[in-house]
Amino acid sequence: MQATNDPRRPDRIVRYVSPQAILNAQNDEKKDAPNDDLTPDYMNVLGMIFSMCALMMRIKWCGWVAVYCSCISFANTKYNDDTKQIMSSFMLSISAVVMSYLQNPMPMTLPFSG
């Protein structure tokens, strides 16, 4: 196999810059953006609320909704966020499901099904 010329063109490389960074540079704002994504925080709080409902009122679907909210919160967090809070919410939701099924091992019935 013969050595050929490199087809890449380093002068055509354009580095990605986020639109928010461009706006901040134009406005000369050095602070954090006020419109950060709060979805992980909201899902974390919802997961804890549903976990408590599942534990206190023995509602199985609340436990499953808590697991769902905790997974969304875990998936949408940034790298530098507090992992202890997210993992404790996740473990609380898992324990809510486990305790709901330990107290009543019958299959879950949906609230609108009958």
Side-chain angles (χ1 to χ4, degrees):
M1 194 171 232
Q2 293 180 341
T4 60
N5 292 337
D6 192 3
R8 296 176 288 185
R9 296 175 281 179
D11 58 326
R12 301 285 292 175
I13 296 174
V14 178
R15 187 174 183 91
Y16 173 76
V17 179
S18 70
Q20 187 66 36
I22 294 171
L23 289 175
N24 286 344
Q26 289 175 351
N27 296 334
D28 292 326
E29 293 178 357
K30 302 297 180 192
K31 60 183 177 182
D32 290 335
N35 57 353
D36 287 339
D37 187 23
L38 296 177
T39 303
D41 297 330
Y42 290 144
M43 288 296 149
N44 198 7
V45 170
L46 277 176
M48 287 189 182
I49 290 171
F50 280 118
S51 295
M52 286 298 152
C53 287
L55 284 171
M56 305 258 184
M57 295 186 246
R58 298 182 182 124
I59 304 172
K60 291 180 184 178
W61 64 267
C62 281
W64 287 111
V65 171
V67 170
Y68 182 71
C69 289
S70 296
C71 289
I72 291 173
S73 175
F74 180 71
N76 288 325
T77 54
K78 293 184 175 51
Y79 179 72
N80 56 1
D81 282 347
D82 186 24
T83 56
K84 288 181 185 177
Q85 178 74 24
I86 295 160
M87 292 310 286
S88 66
S89 171
F90 192 72
M91 295 307 291
L92 179 66
S93 63
I94 293 291
S95 66
V97 170
V98 169
M99 291 305 292
S100 295
Y101 280 96
L102 281 177
Q103 292 170 358
N104 184 10
M106 296 297 292
M108 180 179 73
T109 59
L110 295 176
F112 53 82
S113 64

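Residue numbers run from 1 in the order of the sequence given.
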- Check against side-chain contact (heavy atoms from CB on, under 4.5 Å), Gln85 and Asn44: CA-CA 8 Å; Gln85 178 74 24; Asn44 198 7; 3.3 Å; yes

Minimum heavy-atom separation for [X] to [Y], with atom names?
X     : Y      : answer
Ala66 : Phe50  : CB-CB, 3.7 Å
Phe90 : Ser70  : CD1-CB, 3.6 Å
Lys60 : Pro105 : NZ-C, 4.2 Å
Ser51 : Ser93  : OG-CA, 3.2 Å

Nearest 0.5 Å, what's the [atom1]-[atom2] distance between [X] and [Y]?
X     : Y     : atom1 : atom2 : answer
Ser89 : Met87 : OG    : CE    : 10.0 Å
Met99 : Leu92 : CE    : CG    : 11.5 Å
Cys71 : Ile86 : SG    : CD1   : 12.0 Å

Is there a path of hydrophobic side-chain contacts, each under 4.5 Å between heavy atoms of I, L, V, M, F, W or Y residues, that connects [X] with [Y]?
X      : Y      : value
Met106 : Val98  : no
Trp64  : Met52  : yes
Ile94  : Leu102 : yes
Ile13  : Val17  : no

- Message: Side chains of Asn104 and Arg58, heavy atoms from C-beta outward: is any pair under 4.5 Å?
- Response: no

- Task: Please examine the side chains of Thr77 and Thr83, heavy atoms only from C-beta on, and report whether any two atoms are closer than 4.5 Å.
- Result: no

- Query: Should the heavy atoms of other residues, nucleotides or ligands under 6.0 Å from OH of Tyr101 be counted, would the total exceed 12?
  - Reply: yes

- Item | Side-chain donor or acceptor of Ser73 paired with backbone N/O of Cys69 under 3.5 Å | no

